[in-house]
Amino acid sequence: MNTIATILEPAVKKAIQKLYSPEVEIPKPNIGDTRKEFEGDVTVVVFPYVKMGKKNPAQIGQELGEELLNSVDEIVAFNVQKGFLNLVIADNFWKTNLDNILSNPSFGEKESNNKKVLVEYSSPNTNKPLHLGHIRNILLGWSMANIFKNEGYSVVKTQIINDRGIAICKSMLAWQLDDNALTPSKDEIKGDHLVGKYYVQFDKMFQEEYKKWQLTEAATQAFNDKKKEEETAESFYKRYKNNYFNDFSNLGKAAKEMLIKWESNDTEIRALWKQMNGWVYDGFNSTYDKLKVNFDALYYESDTYLLGKEVIEEGLNSKLFYKKEDGSVWIDLDDVDMGQKILLRSDGTSVYMTQDLGTACVRYDNHQSEKMVYVVGDEQDYHFKVLFEIMKRMEKPFASGLHHLSYGMIDLPTGKMKSREGTVVDADDLVAEVIEEARKSSEEKGEIANMEPAEQKEIIEKIGLAALKYFIIKVNPKKRMVFDPNSSVDIQGHTGPYIQYQYVRTQNTLRTAKQKNINFDNLGSSPSLELTEKSILQLLSQYPQIVTEAANNYDPSVVANYCYDVAKLFSKFWGELKIFQAESEEKITLRLQLCKAVGQVLESGMNLIGIEMPSRM
RNA sequence: GGCUCCGUAGCUCAGCUGGAUAGAGCAACUGACUUCUAAUCAGUAGGUCAAAGGUUCGAAUCCUUUCGGGGUCACCA
């Protein structure tokens, strides 16, 4: 479908060519919405053509305006303000647009481009429950998956579950050491929370052990040998914690032994590992269900952690990698200022990078996705830069389609969330809280009080989730954002529920029309458009490009903010123009059609960012 | 220290592929519910776009420097 910009761009170029036949290439015309204080719908900036026409901006604007008025049917008038050419577009063009939207329920959805994209998100560790940071990650991944689907991609949603390693062994060990060890069924604890509890428990026991050790001679010796100049004992022991874990700790030793047993496939340990991870997956799945997200393909680190050795061989053969005397394998990325990076340990075992190299190749083999998006926090920017650079140098077919959707951390007003200080905002708690808030407001309002309880519950959940999801997704992913757990998530103003409310207004109006037996399928003769009506149509027509922009920039916040703009404009329209009291039947028809179109675009836009619309609220 | 991201109203954020007088929400203040639902609307007030240079017809936006904050620079994942 044609938007006004796609019609005007070539038209402006053609007009300039005809008027001034410049020798240089004509740049892409700069076309935007006209500021509301001037007459017109779209504005062309004429400054770029001043040199070509060798006249002043006002003259150029005048000439260009006249030429466009003659050559473009959709333009009915123009005026020139300084270097800006304001064009008035025919009402009919906007009404055709409205038809277009209404006749196409999936307006904005592009046809299949026969390309495949794989989106990885969430990717939790199995030793603790999901928290607010994961929620941002999950919502970004989920939104991008929807947005790509909308752009015509076939999408594979995936996560890699970090189900192995020393961390889960810590939880397992603490569980084993507990005489009254809990289980989810017996003690009615959500599995991921239970395992997380034992992870914390391990750390507690370890800290106690460490404190005791600090009084021993071995500790004093380590302090004297390895402290930096003038370093206090406190600062030294803080720094030395990992060394202690590896070299002295009994608990550390036990955990490491467990990991070795796990690696050698010890039946007992594997059984315990399976059991505890199973609990965690039940817990995760319940959280995913609550957030209404899912995955198409799962990868487990326990399956992938040995991958990548072939890639290493390949790189060594092609001399892209080199081996040090001790047997470790490296790549030299000094020429692009990324330094030397280790790819394989001297004992021949994998590092994080080895695994990711291998996993990327396996995924491509599995899915043939030329595009792969990793939703991972910005603390891993360097890792992914290196990973992608290596893939590029190895000339992998998918190398140019790799993208790291990097996002900032969510801070508390007091600073970072810290698990050790218990300031981590738990995902389940947060979801429950925000739904509770929605329930309270809903009760206060009383609008849905006489509905079936099940229906009420569904609506309240939709509202609560909208508040939470919108709050997070409206912020540009790159930015760090602040979340105050003490003040509840807003439901007024620039929020998800506000947009839902405007949507509900459109649906109510349509219901009322039905009750009144008003048929608004055909516009018939053409009533003229009020300013606000025109603005709405203009904004709605931009929806397809907005989604494309979001896809190209890997930024769902673009869609979120667009939906707010639509909702706000609709609300203004609602306030100033009464639908059923319009002066003519045609006007009523037009406004009902507008309602329907707004509802339609709001619903699909919000769905892209994982927010569902209630029918009433 | 190197690299990198960020700095816009009291607070939370838009605007950044250069365009007209920098926009929203929250908080504050004024008004509007017998009216298609007030989870709303209309309005007032609030700005040295961190600072300084530069590029140009035009800079919050691009470049340089400085300041402030975060991240990262592991044979951890």
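What you are looking at is a predicted structure, and each value in this text was computed from that prediction instead of being measured. Excluded from the calculations below are hydrogen atoms, water molecules and symmetry mates; all remaining heavy atoms, backbone and side chain alike, are included. Lettering of chains follows the sequences in order, A, B, ..., and the numbering in each one begins at 1.
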Is there a stack between A:F84 and B:rG19, judged by ring centres under 5.5 Å and planes under 30°?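 By the stated criterion, A:F84 and B:rG19 do not stack.
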Would you say the base of [N] and the side-chain of [X] have a donor-acceptor pair closer than 3.5 Å?
X	N	value
A:T43	B:rA20	yes
A:S346	B:rC75	yes
A:N86	B:rA20	yes

Is the cationic atom of A:K323 (NZ for Lys, CZ for Arg) positioned less than 6.0 Å from the six-membered ring centroid of A:W330 and within 45 degrees of its normal?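 Judged by the rule, A:K323 and A:W330 form no cation-pi pair.
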Between [options], spot the one nearest the side chain of [X], thanks.
X	options	value
A:S442	B:rA39, B:rU72, B:rU21	B:rA39
A:K478	B:rU72, B:rC6, B:rC41	B:rC6
A:F47	B:rC57, B:rA39, B:rC36	B:rC57
A:S328	B:rC75, B:rA14, B:rA39	B:rC75
A:I491	B:rA14, B:rG71, B:rA39	B:rA39

Set of side chain to side chain contact (heavy atoms under 4.5 Å, CB included) partners for A:R345, sequence neighbours left out: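 A:D347, A:T349, A:V351.
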Have A:Y49 and A:E63 got a donor and an acceptor in their side chains that come within less than 3.5 Å?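 Short answer, no.
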Rounded at 0.5 Å granularity, tell me how far OG in A:S615 sits from CZ in A:R511.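 Atom-to-atom, A:S615:OG and A:R511:CZ are 5.5 Å apart.
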